Amino acid sequence: MDIVDSQEERDIVMSERIVVAKFGGTSVASAAQLRKISSIIRSNPERRFIVVSAPGKRFPEDIKVTDLLLNCYEKASAGESFAEELNQVKLRFREIIEGLQMVFPLNDEIRILEQSLMTDPQRDYTASRGEYLTAKIMAQYLGFTFVDPSWCVCFDENGQLNDAMTRRTMRASLLPLNRAVIAGFYGADMNGKIHTFERGGSDITGSLAACAINADLYENWTDVSGLYAANPAIVENPETVSYMSYRELRTLSYMGASVLHSDAVLSASELEIPINIRNTDKPENPGTMIMRHLPSGVTKNPVTGVSGRKGMSVVQIEKVMVSDGSGFSALMLDILKERSLPFEYCLTGIDSITLVIRSDLLDSCKEDLFSEIRNTLHPDFIGVRDSLSLIAVTGEKATEASDANVRVLQKLTEEGIEISTINQGAGKLNLLIGVPEDRYEDAIRAIYAFRQCNSPDKKSIKSC
Ligand code: ASP
């Protein structure tokens with residue numbers, strides 16, 4: 001049997017659960033924040049694999065380190081001096097290192113970056129240095145192993161992630177380690193060239209790590225205490241949701257609620273790894289737990305959340321008996337596919353097809369698209385209505401949800417809000433409602449008010 005010396009090692013042996021904890025930009029924005037997260041990490045020995053973003057904003061007018069790095073790249077690739085921009089990057093990290101009273105070879109690291117910007121400036125390599133330096137500093141501060149994702153997050157030469165290879169390589173790299181800090185946001189191809197995910201992509205690294213080692217939990221630490229039931233810019237002090245399903249989160253995120261990158265949800269949901277959104281400034285708050293099934297005994301609101309987007313158009317195509325099996329709808333969708341024009345949803349009726357499409361995408365090809373539809377499908381009528389917003393209402397509490405959809409629509413009608421389109425998924429509450437853009441905020445507030453009146457503890461809500 002292995003001999004276990006320190007308390008830390010004893011904790012590791014005793015803890016069979018593995019938690020991957022990812023800390024976002026605001027959680028690593030300064031030395032004070034790094035101190036906070038290290039006490040969060042140390043407070044639970046199950047937090048063995050840590051993923052970090054680059055330092056984000058410390059105050060509203062601040063600039064994220066990734067943006068400072070991209071400024072360096074822009075200047076360097078235009079052949080201009082980037083000394084000022086690079087110095088700002090250096091100052092951000094110096095403040096962190098000095099604040100943590102560490103000895104860290106920052107000048108050497110900055111010199112390597114400067115060299116690359118002078119000789120062969122590369123966008124993704126430059127952008128990735130924020131996460132690289134933060135992870136190195138954090139690993140040293142915590143006494144964990146530093147993992148550079150260029151060894152284990154595998155991209156192809158076109159910058160596409162190779163998911164299967166990443167899982168294998170990450171698993172092989174991480175499992176032998178007791179504790180590690182992994183830089184988020186980037187990886188490399190077979191030639192060692194660095195590629196980044198899209199902005200906000202450290203969430204994806206966290207989820208890849210959680211999947212690779214089949215973690216028991218993926219914690220995503222940020223600057224809010226979970227996912228709000230409605231947009232706080234529209235509804236005053238909305239409630240945070242305690243539990244939601246992966247599908248609910250995907251719908252709400254797609255329709256505008258942003259806390260977690262949607263690709264990060266996809267991979268975690270495949271392996272049913274629960275995701276816990278937590279607030280670095282309020283570690284005592286349990287945050288939002290995202291999982292496939294609710295834990296037993298938890299009572300849930302029939303409406304989990306509401307979100308939406310403005311800037312939608314509704315295209316109405318009419319032809320007698322489109323649903324007669326002649327393939328009219330399939331041909332219609334083929335036309336969209338050939339143009340790579342995504343649509344939000346498509347409803348087919350007896351004599352009509354309704355398509356909801358983002359107005360900016362439709363506007364760029366409307367004339368061509370309509371003439372192709374006219375020439376190929378010979379509809380009786382084709383028309384478009386702009387200035388709509390689309391609202392998603394989700395709730396997976398199947399039994400009570402059966403009439404929640406009707407009551408949501410009733411509530412909008414009572415408020416005098418015109419309902420232009422409705423798309424209701426079968427089964428659980430999953431409504432997409434089109435309302436005029438100028439009533440968008442009113443509609444969100446009305447649905448949120450309805451939600452609160454149906455809260456399991458609605459007695460505490462004065463307005464119900
Ligand atoms: N640092 C990157 C960004 O600002 C990635 C991330 O934070 O997830 O987008």
Side-chain angles (χ1 to χ4, degrees), residues 20-30 33-34 36-37 49-74 85-86 88-93 95-96 109-110 113 122-139 146-150 152-153 155 159-161 166 170 181-188 194-211 218-224 227 249 253 257-268 275-281:
V20 169
K22 181 259 166 181
F23 292 88
T26 47
S27 305
V28 296
S30 63
Q33 289 298 86
L34 288 183
K36 249 185 234 168
I37 75 166
F49 296 100
I50 311 304
V51 176
V52 288
S53 289
K57 295 184 179 196
R58 295 159 293 182
F59 42 88
E61 315 73 47
D62 201 10
I63 305 176
K64 295 178 178 185
V65 163
T66 307
D67 289 315
L68 293 175
L69 287 161
L70 286 169
N71 292 345
C72 293
Y73 166 76
E74 293 301 334
E85 289 73 13
L86 189 60
Q88 289 184 43
V89 174
K90 190 169 162 183
L91 290 177
R92 285 294 300 266
F93 283 106
E95 184 253 356
I96 288 176
E109 296 283 2
I110 296 290
L113 173 58
Q122 299 208 7
R123 185 203 174 274
D124 286 7
Y125 169 78
T126 309
S128 73
R129 294 304 87 186
E131 272 74 8
Y132 164 83
L133 283 172
T134 311
K136 256 191 147 173
I137 292 168
M138 202 55 205
F146 164 65
V147 172
D148 188 329
S150 62
C152 58
V153 173
F155 283 82
Q160 293 302 312
L161 178 75
T166 298
M170 256 195 153
V181 180
I182 307 144
F185 190 42
Y186 71 95
I194 298 289
H195 296 275
T196 56
F197 293 112
E198 53 186 68
R199 297 297 302 264
S202 299
D203 285 347
I204 305 174
T205 314
S207 165
L208 288 171
C211 292
Y218 171 29
E219 288 180 340
N220 197 291
W221 291 81
T222 176
D223 51 6
V224 288
L227 215 101
L249 176 66
S253 310
S258 69
V259 168
L260 196 61
H261 196 287
S262 49
D263 288 354
V265 185
L266 258 187
S267 30
I275 306 173
N276 191 191
I277 314 264
R278 301 282 294 264
N279 188 344
T280 299
D281 293 322

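Bear in mind that the values here come from a model prediction, so they are computed numbers and not experimental data. Scope of the values below: all heavy atoms of this structure, side chains included, with no hydrogens, waters or symmetry mates. Residue numbers count from 1 along this sequence. Both ligands and their constituent atoms are indexed starting at 1 by order of listing.
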Quick one: look up the protein heavy atom nearest atom 6 (C) of ligand 1 and list residue, atom name and how far away it is.
Ser202 OG, 3.4 Å
Any idea which atoms of ligand 1 are less than 4.0 Å away from a heavy-atom of Arg199?
3 (C), 4 (O), 9 (O)
How would you list, by chain and number, every residue that makes a side chain to side chain donor-acceptor pair (under 3.5 Å) with Thr134, sequence neighbours excluded?
none
Ligand 1 atoms nearer than 4.0 angstrom to some heavy atom of Glu131 are 1 (N), 2 (C), 5 (C), 6 (C), 7 (O)
Does a salt bridge link Asp67 with Arg199, judged by any charged N lying under 4.0 Å from a carboxylate O?
yes
Can you check side chain to side chain contact (heavy atoms under 4.5 Å, CB included) on Leu208 and Leu161, steps first, answer last?
CA-CA 11 Å; Leu208 288 171; Leu161 178 75; 4.0 Å; yes
Closest heavy-atom pair and its distance - Lys64, Gly56:
CG-CA, 4.0 Å
Carboxylate-amine/guanidinium contact Asp281 Lys36, below 4.0 Å
yes
Atom 7 (O) of ligand 1: nearest protein contact (heavy atom, Å)
Ser53 OG, 3.2 Å
Close approach, Gly200 and ligand 1, non-hydrogen under 4.0 angstrom:
yes
Qualifying residues under side-chain contact (heavy atoms from CB on, under 4.5 Å), relative to Glu74, sequence neighbours excluded
none
Does Gly130 have a heavy atom less than 4.0 Å from any atom of ligand 1?
no
Going by the order shown, which atoms of ligand 1 are within less than 4.0 Å of some heavy atom of Thr66?
1 (N), 2 (C), 3 (C), 4 (O)
